[in-house]
Amino acid sequence: MRKTHPVNALKKLGIGLAFGAATIMSMPTSALACTQMYMGKDLTADGNTYYGRTEDIGTRYLKHYGIEPSHGPGHTYSSNESEFNYTSTKTTYRYSYVRDHPAEWHGRWDAYSEAGINEKGVSCSATLSTSYNDDAKAADPTTNHAHKADPKVKNTGIGEYSYAGVILGESATAREGVELIGSLIDEQGVYSNDQLIIADNNETWLFAALSGHQWIAMKLTDDVASVNPNISNLNFQVNLNDTENCLHSEGIQTMPEEKGFAKYFDDGQFDIAQTYGASINITSTGSWSRYIQGRDYFMAPLTETTDYEIVKNKNGATLGAMVHDMQPLFFQPGKSDWNTFELIRAFGNRGESVPGLNANTDGVSGIGSDRNAEANLFQIRKGYDPEVATIQWEMLSCAEFSVAIPLYSALMTEVSPYFSDQTVTYDHCGEADIVNNEEPENSINYVLMDINSLCFANRTQLATGARAYLDALQNELIEQNKEVDAAMLAETTSEGRTALANKAGKAATESTYKKCKALLQEMRDYLKAENFDEPFTPSDLNTETHGLKQSITYAKDALATDPVTPDQPGTPDQPGNPEKPGNPEKPGNPDKPGNPDKPGKDDATTTVTTNKKNTKGNLPTTGDTFDGRMVAAFAGAGAIIIAAGGAALYRRNRE
């Protein structure tokens, strides 16, 4: 999760400063708004382990799902946020990714791989931005902070720009990933405080970068749940000497003891979270709102006045919540049969059942936010063959009004053309009128973005009907994936599995695209008609059964024996070969995406060419470069303006 200065982001977009200042003043106090979740296999209906996170950046922020190919020895990983550099000594692994558009990173194609699975079955979700306290910062600053304090100190630390790419490209097991990132922090330091989860078919690890050179990784147990919305000091106990279940930097305890800021539990055990993390009173009220929402969703609620207070400003507006005592990183949910649908929908939770902390009515931060850029959920079947053990459920937009597509990412070598790739125009992110200005054809990324923008801007008219329809679609994807999964598990060869994974990914994406595109068009028509006497009800929604009137064809298409695969995009009703607009430039040598050896330098060979003329003011055009990730802050029917708090794109401030 990243942040940039909100006024600068607004200026980049050409939005008036008067509007920008008013919006900023009304923003929630939390600038960090990602939420990371974990549910051990003993607590799920299917006996699978689940983990994932939302990435919160800003409204209408474009993400891309794709496959990074294997590279020969000598492949270099580098960063555009720091001087981090690591050269591989072996052939790298193919892996899936969720990345940013090159327009946001000086034309580079390798920014923030973030969520994916490699061909060895190692998965990663990165990152959850956290923080450290002043004592830890003074004793062992991140390379970013150290460089700011003294420009002679090189900013070499690895950070969220590079974590997932390095882990997935280099690691055959989750433990290898933990050890590699730990060794890189030991050698080069870390750019920022972050948490990430790394898993394979046997182990799931939570990794935390605590300070400039101190880190810890814990193997997660099967009998706990976790919700963390950017809180650095949620408490936990771990045996630092148990190398089977805990790996860490050498000085994790001795350094703070020598510097005089070590903290301990009442029983004398070293307290890592309180030693390194920020204190309660400076932890964001928005983060605590989302923690309370998450605990409530998982039926382990906190109690107002006993556990927390609702915080208001001097004008009586709710800012969020503040707990009385530090809360646990791991807890026991109220039941032990959580299913896939419930865990997917947890990312869209807005605290609807928490009095005073309902994001829809109380103006507080919500887990399901209009600043979600994507959400990922990994379903792990422990002990299965690594190739098929993990299913990636991917949502490429805000989680509240989105659908998670099932993907066998460890096996996939091809991606559905309904996922727009990194050559697609970035202009549509800045469309002011998405009722009349449609997204680029065959782009589920943009379709989901537009559905969310319209629902957030017209919640009273659209939200209930749209969410009911998306729930029905999500349930069909889950049920039909069981049929596809049975065929996948019955397949015995890697070649056969890869072929099925590619075909299934295309079929699931196409089915989802067609349904969501039709839904979006009906939403647009409803708003254009301006007759809101009747609530919006999608024509394909069976209001009695709460299902679809016409089922998707995901399983049928994925398992069809004919040689024609459902991967030729066209109009939603008439798949075909659309004219390729603009002939956008493709990345060249994948070993040199955007000249990563020279971060921050423009390279003519990696100029992003959009496929639609830019008429949106100061949005990036061919050759545009700027330091920071921008996002359009407006969308909707006619003169829709975003809700308070949605205008700014947040990322780590590199100024």
Side-chain angles (χ1 to χ4, degrees), residues 44-46 50 293 296-299 334-335 337-354 358-361 366-368 372 375 377 379 391 393-395 397-406 444 447-448 450-452 454-456 458-485 507-527 532-558 572:
T44 62
D46 54 16
Y50 290 82
Q293 291 167 355
D296 179 82
Y297 183 91
F298 289 119
M299 305 168 77
K335 66 174 187 174
D337 60 349
W338 296 95
N339 61 44
T340 307
F341 178 83
E342 291 171 323
L343 293 166
I344 290 171
R345 293 308 315 142
F347 290 115
N349 172 30
R350 289 173 61 77
E352 291 90 342
S353 62
V354 184
N358 182 340
N360 294 333
T361 59
I367 293 173
N372 297 155
L377 181 71
Q379 176 185 359
I391 301 170
W393 295 89
E394 186 60 45
M395 291 177 273
S397 190
C398 308
E400 187 183 6
F401 300 102
S402 203
V403 179
I405 300 173
I444 193 166
V447 166
L448 291 173
D450 286 359
I451 288 173
N452 271 280
L454 290 180
C455 285
F456 272 100
N458 303 275
R459 183 173 292 276
T460 301
Q461 294 83 10
L462 297 176
T464 300
R467 186 62 259 166
Y469 186 77
L470 295 170
D471 285 349
L473 175 56
Q474 186 68 76
N475 275 316
E476 284 217 358
L477 283 166
I478 292 169
E479 288 305 309
Q480 292 196 22
N481 194 65
K482 294 176 182 177
E483 186 178 349
V484 174
D485 193 56
T509 307
E510 182 181 19
S511 286
T512 305
Y513 174 84
K514 286 185 174 182
K515 292 293 189 181
C516 289
K517 177 61 176 176
L519 170 67
L520 177 57
Q521 188 57 54
E522 289 189 1
M523 292 167 62
R524 285 175 167 144
D525 292 342
Y526 178 82
L527 292 172
F532 305 137
D533 293 338
E534 295 294 327
F536 172 70
T537 303
S539 62
D540 190 37
L541 177 65
N542 187 323
T543 56
E544 294 182 359
T545 65
H546 306 291
L548 303 180
K549 290 181 178 178
Q550 184 174 354
S551 291
I552 59 174
T553 58
Y554 164 39
K556 176 183 175 182
D557 293 339

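As the structure is a computational prediction, the values presented were derived from the model and not from experiment.
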Exercise: do Tyr554 and Gln480 side chains pair donor with acceptor under 3.5 Å: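 Checked: Tyr554/Gln480 side chains show no N/O donor-acceptor pair below 3.5 Å.
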Exercise: do Ser353 and Asp296 side chains pair donor with acceptor under 3.5 Å: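 Note: Ser353 and Asp296 side chains meet the donor-acceptor criterion.
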Pair Gln379-Leu343, side-chain contact (heavy atoms from CB on, under 4.5 Å): steps then yes or no: CA-CA 10 Å; Gln379 176 185 359; Leu343 293 166; over 6 Å; no
[X] versus [Y]: any side-chain heavy-atom pair under 4.5 Å?
X	Y	answer
Cys455	Met523	yes
Asn339	Glu342	yes
Ile444	Thr512	yes
Cys398	Phe456	yes
Ile344	Met395	yes
Arg467	Arg345	yes
Phe341	Asp471	yes
Cys516	Leu448	yes

Pair Thr553-Glu510, side-chain contact (heavy atoms from CB on, under 4.5 Å): steps then yes or no: CA-CA 9 Å; Thr553 58; Glu510 182 181 19; over 6 Å; no
Please report the closest heavy-atom contact between [X] and [Y], naming both atoms and the distance.
X	Y	result
Ala507	Asp557	CB-CB, 3.8 Å
Ala404	Gln474	N-OE1, 2.6 Å
Val484	Ala555	CG2-CA, 3.9 Å
Asn542	Glu544	OD1-N, 2.9 Å
Ala399	Asn372	N-OD1, 3.3 Å
Asp540	Lys515	OD2-NZ, 2.7 Å

Can you tell me how far apart [atom1] ([X]) and [atom2] ([Y]) are? Round to the nearest 0.5 Å.
X	Y	atom1	atom2	result
Leu454	Leu462	CG	CG	6.5 Å
Thr509	Ile405	OG1	CD1	4.5 Å
Phe536	Asp525	CZ	CG	9.0 Å

Could you tell me whether a side-chain N or O of [X] sits under 3.5 Å from a main-chain N or O of [Y], the two making a donor and an acceptor?
X	Y	result
Gln293	Ile367	yes
Arg350	Gly368	yes
Asn458	Leu527	no
Asn452	Phe401	yes

Verdict with supporting geometry, Trp393 and Ile391, side-chain contact (heavy atoms from CB on, under 4.5 Å): CA-CA 6 Å; Trp393 295 89; Ile391 301 170; 3.7 Å; yes
Ring center gap for Trp338 and Tyr50 short of 6.0 angstrom: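 They do not qualify: ring centres at least 6.0 Å apart.
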With Asn358 via side chain to side chain donor-acceptor pair (under 3.5 Å) - residues at least two apart: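 Result, side chain to side chain donor-acceptor pair (under 3.5 Å) vs Asn358: none returned.
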Criterion side-chain contact (heavy atoms from CB on, under 4.5 Å) on Thr44 and Asp337, from CA distance to verdict: CA-CA 4 Å; Thr44 62; Asp337 60 349; over 6 Å; no
Residue Gln521 excluded, over 12 heavy atoms near CD under 6.0 Å: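 Result for CD/Gln521: enclosed.
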Whether Tyr526 and Phe532 hold their rings parallel, tilted or perpendicular, with breakpoints at 30° and 60°: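 Taking Phe532 first and then Tyr526, their aromatic rings sit tilted (interplane angle of 30° to 60°).
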N-O pairing of Arg459 and Glu400 below 4.0 Å: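 Counted as a salt bridge, because a side-chain N and a carboxylate O are separated by less than 4.0 Å.
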Residue pairs passing the salt bridge (charged side-chain N to carboxylate O under 4.0 Å, His left out) test where at least one lies in residues 472-485, sequence neighbours excluded: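 Every salt bridge (charged side-chain N to carboxylate O under 4.0 Å, His left out) pair that includes a residue of residues 472-485, provided the two are not neighbours, is Arg381-Asp485, Glu479-Lys482.
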